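These numbers come from a predicted model, not from an experiment. Order of the sequence lines fixes the chain letters, A, B, ..., with proteins taken first and strands second; residue numbering starts at 1 for each chain.
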Amino acid sequence: MRCLRMLVRILVLLYLAGAPALAQTLCQPNASNGYRVRISIKTALGNQAYEWNENEMFLFRATMAFAMRRYYKTETYNVDNIIVCNQTRRVSFWFVVISPENPTMLIPKADVEKAVSMSRHRINNAFLLTDRTLEFLGIYPTLAEPVNPDTPPWLIVFGVVIGAVFAGIIALLVSSLLQKRRKEKGMMEDGQDEEDRQMKGVENGINLDGIYNRGFTDDDRFTKL
Amino acid sequence: MGKDAARAEWDNPMQFVLACVSYAVGLGNVWRFPYLCQMHGGGGFLIPYMLMLVLLGVPLFYMELAIGQKMRLGSIGAWRAISPYLGGVGMASVVTSMYLCLYYNVINAWSFWYLFHSFQSVLPWAECPVNSNLTGPVEECERATPTQYFFYRETLDISGSIEENGGIHMGQALCLLLAWIIVYLFIVKGVKSTGKVVYFTATFPYLVLIIYLIRGVTLHGAINGVKYMFTPKMEQLAKPTTWINAATQIFFSLGLGFGSLIAFASYNQYNNNFEKQAIVVSMVNSSTSIFASIVTFSIYGFKATFNYESCLERVRLLLLNTFDLAEDTISLENVNHWIAELNRTHPEQFASLGGRLETCDLEAELDTAVEGTGLAFIVYSEAIKNMPVSQLWSVLYFIMLLLLGMGSMLGNVIAVITPLSDLKFISHYMSTKTLNGLVCLFCLLLGLGFTTRSGNYWFTMFNDYGATFSLLFIVLIEVITVCYIYGIKRFEKDVEDMLGHRLNWYWKIMLAGVSPILLIALFIFYIVNYIQGGTPTYQAWNKELGKSVVTEYPPYAQAFIGLLLASSVCCIPLTALYTYCKKRNLASGKRERTVSTVSA
């Protein structure tokens, strides 16, 4: 009995020691079911950039576990299910996701992709980054649906301007109509002035801007006695 | 309108000066002069430019104003009065102005289009639109740039060549309609309404230019552009094309030969001092060109620096990602140093980069000289989209373009309407308001042709051939007519009559000697250039490649070019012939009548 318990203990110890090693062999650069992540903190945040350290890596693994939980709608995923390897100074690394039921089985690439796409916004926000600065190489961000308003905005501005122009035309027509009516009233009172003004001669295209000499009008048809 | 009513007049001489300024200061000052300045050696180009202004521009401007003010008629009546055989000169001016009216307002339509599209949170030419399955940007936009895509696809919906016609672009048609309605409003009451409008169209563009100057020189990298422009490259002065381009620019910038100046001056008081005004307007026009080119070059510098730094950023990212270095090892300043370093230390990995590594060159970015609509609508809008608060700058810029364009349109339309309204048989049948309306309607309907899918190619054809050659010919005949057929002595007496003092020796030498010689030289150069140039070509937008390719005009288009040139130029000899025949018939008819009276 004691030998059996010791054997189990040794086996458990070996397994615990070997599991990470086993997990590490699952995570390799260019792994068939893994993705490469590239993070550009300084580009995104400039002066307020934080340092990438083990804690940040822990947060990444936790966020990925959250994404897997959300996708599969289950609560079985944990930080241990996300294996990370090959971290560089650039801050880029590879990760794979192992199944919580079977530690030797990797979650297929397509499922990981769908999980990431679904929670991409949450993942980005956890790190104060964007689609461009937190890159999952091979997973393309879905572009936002273009907003198509019913009336294109330019048509609205056009409508305003052409309305103003038509208002101007109507104002012009009305004012010229009023002016004409005022002139007609004026003409009935002052008929003589109109006649004189029309008697200016145009000779060889040159306008004679002289004052018409009334001494030569024939309004005095009847000689004064 | 009673018969022989007094001719309308400007309210005061200031309106006349502002009208001339508004007409002369147009889009060419903004988009042609900076290009020429860059092509022909920066600051050094000012020397031939100023020289040509003094030798060619001011004397011819003076001559046209003098004719208009003396004859008090539009171009047809004025030239007929000067010499009955050369009334065709006026007709040729009217035909050329008509062509100009047809296509020039299309530019205003585009300005309206861009202006209306500026009222959005994201400028539509700032980003590529997404394609139908939301995977990425539209392909055509990816191969070209977003600004080019917006201009060629969304504004023009351009076809692949001049032969492929298409439907009318409704948005463009609406904008063109708006442009013509506004032009009609400006000219509806003749000089009474035009005189009030020019206060605004002549002065407001300067306000916008000053605002843009302040914004432009404070932009990051603007100093590179201004330095590039003003660094004189004196060796360019040795090339004859520099001098020819300077002369051509002065010539077209002042708007000589269209008949607009004659029309404007015909509404002057008889004793108006046009000599001073001619000098003032020419100087204002040239200074505006130089001022506008400072603005343009500071914006060029900004755009070039922006592109250069974006290029450096892309190279930096590429190096960081390929060699997995920490982010802060390479900065924008030491990119080139690192390229050399990495090439030395990791040659195979460096070689694997291959074609993806771009060479970033600020000089090359500055060298991309563009003129015309390409500058105004593509390059400028690209620069504007990168400015902070880009919507405001976009609105301001396109309002300025509109005012410049509208101001010039006023001159163009008045050049057509004034001679027509002076013709007895037209003024007898309809009032000026109706005539104005008919001319605007006619130009609008024909101008709709420029809003079709191949419309831009026809526009370019009209722009390149409609007015250039004919104007040189017209002005050459004008100068020779005034100086030698009418006689410089009679001209002198007329000017003395109007101004009160005789012609200066400067005017006499320029008008009678220097200007005709320069014009003949220009004329010969144009003909030689045209013959040597081979088949005329144009830039066709290729959808697949995402850029313009040089294409030859098809035969019917070449025939149309010939028609454009011939239709205005032929007016002169044909009218001379017609007048000659009429005079002969009149003379022989008189003889017959005298005989019959005697016999009766």
*Asks:* What's the spacing between B:D324 CG and A:N86 CG if we round to 0.5 Å?
*Replies:* 8.5 Å
*Asks:* Among A:V160, A:I41, A:L172, which residue has the highest count of heavy-atom pairs closer than 4.5 Å to chain B?
*Replies:* A:I41
*Asks:* Any side-chain heavy atom of A:R89 within less than 4.5 Å of one from B:L325?
*Replies:* yes
*Asks:* For the atom pair CG (B:L178) and CZ (A:F158), what is the distance rounded to the nearest 0.5 Å?
*Replies:* 5.5 Å
*Asks:* Side chain from CB out, backbone as N, CA, C, O: work out which of these in A:S40 comes under 4.5 Å of a heavy atom of chain B, or both, or neither.
*Replies:* both
*Asks:* Quick check on ring-ring contact (aromatic ring centres under 6.0 Å, His included): which of B:F112, B:F119, B:W113 does A:W154 satisfy it with?
*Replies:* B:W113
*Asks:* Is it the backbone or the side chain of A:V165 that comes under 4.5 Å from a heavy atom of chain B, or both, or neither?
*Replies:* both
*Asks:* Can you see which heavy atom on B:I181 is nearest to which on A:F166, and at what distance?
*Replies:* CD1-CZ, 4.1 Å
*Asks:* Rounded to the nearest 0.5 Å, what's the gap from NZ on B:K189 to OG on A:S176? Could you check?
*Replies:* 5.5 Å
*Asks:* Drop me the distance from B:T329's OG1 to A:R90's CZ, to the nearest 0.5 angstrom.
*Replies:* 9.0 Å
*Asks:* Starting at CZ of B:F116, measure out to CG of A:L155 and round the result to the nearest 0.5 Å.
*Replies:* 9.5 Å
*Asks:* Heavy-atom distances under 4.5 Å only: say whether A:I39 touches chain B with side chain, backbone, both or neither.
*Replies:* backbone
*Asks:* Could you tell me whether A:F58 atom CZ has more than 12 heavy atoms of other residues or ligands within 6.0 Å of it?
*Replies:* no
